[in-house]
Amino acid sequence: AQTVTQSQPEMSVQEAETVTLSCTYDTSESDYYLFWYKQPPSRQMILVIRQEAYKQQNATENRFSVNFQKAAKSFSLKISDSQLGDAAMYFCAYRREGNNDMRFGAGTRLTVKP
Amino acid sequence: EAGVAQSPRYKIIEKRQSVAFWCNPISGHATLYWYQQILGQGPKLLIQFQNNGVVDDSQLPKDRFSAERLKGVDSTLKIQPAKLEDSAVYLCASSLVGIGDTQYFGPGTRLTVL
């Protein structure tokens, strides 16, 4: 079974600084997708970034980038120039190719200090 | 473009009572998902529909949970009878076709069972 582990229940960052959220996963598959979702207090889950396992290049979306290490089964999220609006729960998720069952980690609560 | 709509946003019931949640996916999205998110955990898939057919309900507690998606658009999730451990946020998500497409989440319904 695929599992996703987020080892940091809480993280904090100063506004305008950079923070990295960790995620590791366990799978025997070679083709899969990895995601980072943001869940603000309003509860609406918003896709932050997505990575296909077959791509070696790390995905980037504006201030958000990932460090995808396939051999180590690691998928960390880096948030640059942190903003107050980045404060939320962040969930790492895994989905294998050919399947829509996404497996989520337990989440990391990010606090941004002004 | 309107997002995924869910109602109600909050529901409090006594154990052994019944409850129903409603979801309206993004227009044109063929695939619809119901997730259960227990406090402090990531979402867990309960059921997935493709149009009005069930694709995956392997994690749905079928002795008390049921879901339907009539006409392939709106969906309802029902719990009958509710137990204390059903207290959670129930998230609905939709995607365009299915495998490989990004899932868009609704705001969720927070259920408290007393």
Side-chain angles (χ1 to χ4, degrees), chain A residues 1-10 21-26 29 31-55 59 61 64 75 77 88-110, chain B residues 1-11 21 23 25-26 29-51 53-60 88-111:
Chain A
Q2 299 87 14
T3 59
V4 179
T5 302
Q6 293 179 249
S7 59
Q8 306 153 316
E10 296 184 359
L21 308 184
S22 302
C23 173
T24 58
Y25 57 95
D26 181 31
E29 304 289 335
D31 294 327
Y32 51 87
Y33 301 85
L34 296 164
F35 306 83
W36 279 99
Y37 276 90
K38 170 185 176 182
Q39 189 176 41
S42 65
R43 297 202 304 270
Q44 191 122 17
M45 298 270 280
I46 304 164
L47 178 66
V48 175
I49 200 163
R50 161 188 168 135
Q51 175 82 43
E52 290 85 353
Y54 65 85
K55 290 186 177 178
E61 286 288 342
F64 299 86
F75 184 62
L77 174 70
M89 283 290 290
Y90 285 81
F91 291 95
C92 177
Y94 163 99
R95 179 173 61 76
R96 69 175 173 86
E97 177 67 49
N99 187 296
N100 262 347
D101 182 6
M102 280 214 293
R103 302 297 172 114
F104 287 83
T108 296
R109 181 177 302 281
L110 178 66
Chain B
E1 177 183 81
V4 177
Q6 289 187 249
S7 68
R9 292 295 307 275
Y10 304 89
K11 190 72 177 180
F21 313 126
C23 172
I26 293 174
H29 280 197
T31 307
L32 185 147
Y33 315 79
W34 282 102
Y35 288 86
Q36 180 191 57
Q37 186 178 17
I38 293 173
L39 186 64
Q41 299 180 19
K44 181 186 82 171
L45 180 69
L46 292 175
I47 189 168
Q48 175 191 339
F49 291 93
Q50 180 83 13
N51 296 309
V54 175
V55 175
D56 181 1
D57 64 356
S58 58
Q59 299 187 88
L60 186 75
V89 175
Y90 290 85
L91 296 167
C92 180
S94 69
S95 64
L96 258 177
V97 175
I99 294 173
D101 286 328
T102 296
Q103 297 182 24
Y104 296 87
F105 285 81
T109 297
R110 182 181 296 281
L111 173 67

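Proteins get letters first, then strands, A, B, ... in listed order; numbering begins at 1 in each.
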Rounded to the nearest 0.5 Å, the OH atom of B/Tyr104 sits from the CG atom of A/Leu47 at a distance of 7.5 Å
A/Gln39 side chain reached by B/Leu91 side chain, heavy atoms, under 4.5 Å:
yes
Show the nearest heavy-atom pair for residues A/Phe91 and B/Gln37, with the distance to one decimal.
CZ-NE2, 3.2 Å
Restricting to non-hydrogen atoms, name the atom on A/Gln44 and the atom on B/Val4 that form the minimum distance, rounded to 0.1 Å.
NE2-O, 4.3 Å
Grab the two heavy atoms, one from B/Gln103 and one from A/Tyr37, that are nearest each other, plus how far apart they are.
O-OH, 3.1 Å
Taking C-beta and beyond as the side chain, do A/Met102 and B/Tyr35 meet within less than 4.5 Å on heavy atoms?
yes
